[in-house]
Structures are given as structure tokens and as C-alpha cells.
Amino acid sequence: MNAILLRGRLLSFVDRPAAIDDARSYRYESDGGLLMVDGRIAASGPYASVKASSPADVEEVDHRPHLILPGFIDPHVHFPQMQVIASYAGSLLEWLNTYTFVEEQRFADQDHAGRIASAFFDELIRHGTTTAAAYCSVHKASADAFFAESMRRGTCMIAGKVMMDRNAPDALRDTAESAYDETRALIAEWHGKGRNHVAITPRFAITSSREEMEAAGALAREFPHLHVQTHLSENAAEIAFTRELYPEAADYTDVYARFGLLGPKSLLGHCIHLSDREADALAESGSVAVFCPTSNLFLGSGLFDHARLSGRPTPVRIAIATDVGGGTSYSMLRTLDEGYKVLQLQGQRLNPLESFYRITLGNARALGLEGSIGTLNTGTDGDVIVLDASATPAMRLRMETVATLAEELFLLQTMGDDRAVSEVYVAGNAAKSVLATNGINNGSGTGR
Ligand SMILES: [Zn+2]
């Protein structure tokens, strides 16, 4: 039996906070204990009582005065874009054609895919992200490398081979048939292995023919428990081109609806320029709009209208993600900070309790995985992180004047990055400090 007892300030959400003073939306334990046994959370609550119920030989780690939260969840990220991030481009289609479609060709090489997959998991863990929904490249080998790395790390991951058969370089094009066959092979080889989930991943309407969209729809019908991930309504030129390619559809959202690709398992990146009809179609189908603030700002795509989507009679389900490498940071804290500013520009505000709800339980609910990740509930997987709101001299100085939990969280999201993530546990095992002991460059400090 592998048992570990963490001591610190526990914070976990039970529902979406209605306001900054909504104390019923979360559980907070100022001297908390979190017991993990064989990769799962076995108990959490006041330290003294959890300690009393722990095995005599339990390993104890004292993280006081830091916060202990569920691991962060990033529901939209591109692992083959680690060497695309920070590319100087004007807008989405130029960025894709000039940088991304060139770089992704390298993932035909299994060694390259393996090397980047390893670096990608290091980076996620360094930033406190324990689950992601990732796009691989068009090559099945890239998804094989990703899932193999996830097995080694013991992580809960969602990923898919990108389906794309047009409007891209020859070397990045599959066919409707090969996309279907290779996705099926991935499902057989990886879905349910370890904590891996395979997602049906048509890149977006522009890069898939009708035949390939039909193949994606067929997969979604055959495997209704699988996630579908794609992009929707990011940029004006993209929307115009999509309308040209699919004149029979009422709008961009209707393209996906026609092929059976909307639904509660569908993760739609961006959703910036939606009409009311489109927003209602997402709401009624239970599809998830994924807000990617650093990417939307970097590519000048537009401002995600959180209030309009969440304030409808039937609200659109919302998640928040990095979208690296259109996004500019692996950090969900940096993502919250930029998301806050995107809403500020529209006269909207996201309070810090809701922010931290979003990147934990909120994103877990968006993925339909709240039964296993996103909380500190007994019986769920032991993916937890330790946050230090005094990680840098400037943060330490500001912390001197912080009086409430909400203020501390807001400081973390406004000033924090990987340095504020003091430790990460994946399935009950320390994962961030291990990066350092393995001799991997651990950035500017672990905070411990
Ligand atoms: Zn994306």
C-alpha cells in the first residue's frame, strides 16, 4: 500500500460560485489533511482527524502554509506546437500556414514526437496542470507518443489524432478513410488504457472535406462516450472561408450540427463571434464553448463574451483553456489573468472564486470527468497541487496586505505562474519535485 498524507490549507469547490462571498460554493480547511492511498484520495478534512485515520506508517509531507487544491485542467491545447508558441504572425490563417502547418510536419518522425511529448508533460506538470484535452498532429504516431508518455506519467489525458484532409500541405493531409481507420485504431490501442481517453479530433471545418466530416460524425455515433474536439468561430476570415466551403449550412455552428458533432461531449475552441442562433444551438445541444484568452489576444481574434453565453435562458457550458501554441502560456494562472482582462474590456468581471472553480471543478464538469478529477473528494484520483502565493519577492510583499482567501486567489491569478506551483501530485505521486531530481531544468525555482 502506498499512502501519503499532505498537510496544508485545503481548497476545493462544490459548485460554481454565485458571487465573491459565496461561501457555500467551496470547502476550505485552514489546517487540513489530505490522505492519498494507492493513487486515490482516501480522506480529506481537519488534519487531526485525517491523521488519526491514517495508517501508522503513512508518509507525511507538511506543505503549510501553502494551499492544496485539485490539479488544474487545460481543456484545449496543441502538443505539437511547443516550437510554434511565440511565432510572429498577424492572424489565425497566416499563423497556421506560415508556422503551424510547417512545424506539425515534423511529427511524422516518431523520435521527434516522443521528445516533444516528454517535454510537453514536463511543462504541464511544472505549471500544475494534471489533465489536458490535447490535439496531436495528423500523424497517428504523434498520438501514440502522447498516450505512451501519459501512461508513463500516470496522468488522466484526453487526446486525438487531428483529422485534416484539405487546405493544408500534402504532408499534413490524411483522407476521410485513413482518418477514420487511424482514430479507430487509437481507440482500440489507447482508450481506457491507464487513464487515457481518445477524442475524435477534426481540426476545424476548413481543413476537413464533407467526406471527412461524415467520418468524424460516424465515429461520434459509434463511440458516443468519446469526446469530440474542434475549433469554432475564432476569426472573421476563418468564418468567411467556412461559409464559402459549406454554403448549405446556416452558419459555422450548423456545419458541425449537420455532421452530428455537437453534444455534451463536444469541446469547441474559441466561440467568439457566434450569432444568437449559434449560441442557442450550443446551449441546447449541451456543447462546451472553450474560452482561450491568451490565444484570442495574441492572434487578435476577438473577445469571448462570457456574460452573453452564460447568461442565456439555457446557458452555454463554458470551459477555459490555454490553446498553446496560439496561446502564449502553459499556465492556467496566466490564462485566468488574461481571461479576467478580456472580460474587463467588455464591462464583465470574473470573481477569483469563480476563476479557480473554472480551472478545477468547472473544467472537470465541462469534460464530464467530475467523478474522478477536479475536487478533493474521497474516492477521486489523487491529482492535487500545492500553491504558494508568496512565491516571488513581489508576491510576498503583496501577501503582507492580503486578508481574505478571495484576495489570495486573486493575487495568485494576477501575479502567479509556474513558480507559484510548489508541488504537483499525479495519482498520489509527487511529480514536480521529481522533474528537478531527474536533472531536468525546473525553471526559475520550485518554490520549496
Ligand atoms: Zn486550438
Side-chain angles (χ1 to χ4, degrees), residues 73-87 89 91-104 107 116 120 123-124 129 131-138 142-143 146 157-164 167-168 172 199-208 216 227-239 241-242 252-253 255-256 261 266-274 282 287-304 318-332 334-335 338-339 342 363 366-367:
I73 298 166
D74 182 355
H76 184 122
V77 60
H78 299 256
F79 112 79
Q81 294 177 11
M82 291 193 83
Q83 294 179 309
V84 176
I85 189 171
S87 291
S91 62
L92 172 67
L93 299 181
E94 180 201 339
W95 174 83
L96 277 174
N97 290 314
T98 311
Y99 302 104
T100 308
F101 287 168
V102 177
E103 174 62 22
E104 289 194 10
F107 287 75
I116 300 297
F120 183 76
E123 214 53 52
L124 290 191
T129 298
T131 289
Y135 290 65
C136 303
S137 73
V138 71
S142 72
F146 182 93
M157 289 286 161
I158 299 165
K161 169 211 120 62
V162 158
M163 305 168 72
M164 51 194 296
N167 294 315
L172 275 194
I200 300 157
T201 311
R203 183 174 209 121
F204 64 153
I206 287 176
T207 48
S208 286
H227 293 91
V228 174
Q229 54 181 353
T230 189
H231 297 84
L232 172 63
S233 198
E234 178 174 2
N235 159 290
E238 171 216 17
I239 296 166
F241 192 20
T242 303
Y252 195 165
T253 301
V255 175
Y256 296 131
L261 295 172
S266 297
L267 310 170
L268 304 162
H270 306 301
C271 298
I272 297 172
H273 309 284
L274 299 176
L282 294 188
S287 305
V288 177
V290 187
F291 176 25
C292 306
T294 72
S295 173
N296 299 160
L297 293 171
F298 180 73
L299 292 172
S301 302
L303 304 177
F304 182 88
I318 291 173
I320 182 165
T322 66
D323 191 32
V324 163
T328 53
S329 173
Y330 295 90
S331 170
M332 293 305 293
R334 305 302 334 118
T335 300
E338 298 300 297
V342 166
N363 278 349
L367 297 175

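Just follow the structure's listing: the first ligand is 1, and inside any ligand the first atom is 1. Side-chain atoms are counted along with the backbone in the values below, which use heavy atoms only and exclude waters and symmetry mates. What you see is a predicted model, and the numbers here were worked out from it, not measured in a lab.
Around the Zn ion (ligand 1), the protein atoms of type N, O or S that sit closer than 2.8 Å are H76 NE2, H78 NE2, H231 NE2, D323 OD1.
Partners of Y135 by ring-ring contact (aromatic ring centres under 6.0 Å, His included), not counting sequence neighbours, listed by chain and number: H76, H78, H231.
Contact detail for P293 and E338: the closest heavy-atom pair is CB-C, 3.8 Å.
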F107 vs V138, side-chain contact (heavy atoms from CB on, under 4.5 Å): CA-CA, chis, key distance, verdict: CA-CA 8 Å; F107 287 75; V138 71; over 6 Å; no

Just do the side chain to side chain donor-acceptor pair (under 3.5 Å) check on T129 and D74 with the steps written out, would you? CA-CA 7 Å; T129 298; D74 182 355; 5.4 Å; no

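Contact of the W95 side chain with the L299 side chain is registered, since non-hydrogen atoms from C-beta on lie closer than 4.5 Å. Annotation: side chain of E238 is in contact with side chain of Y252 (closest heavy-atom distance under 4.5 Å).
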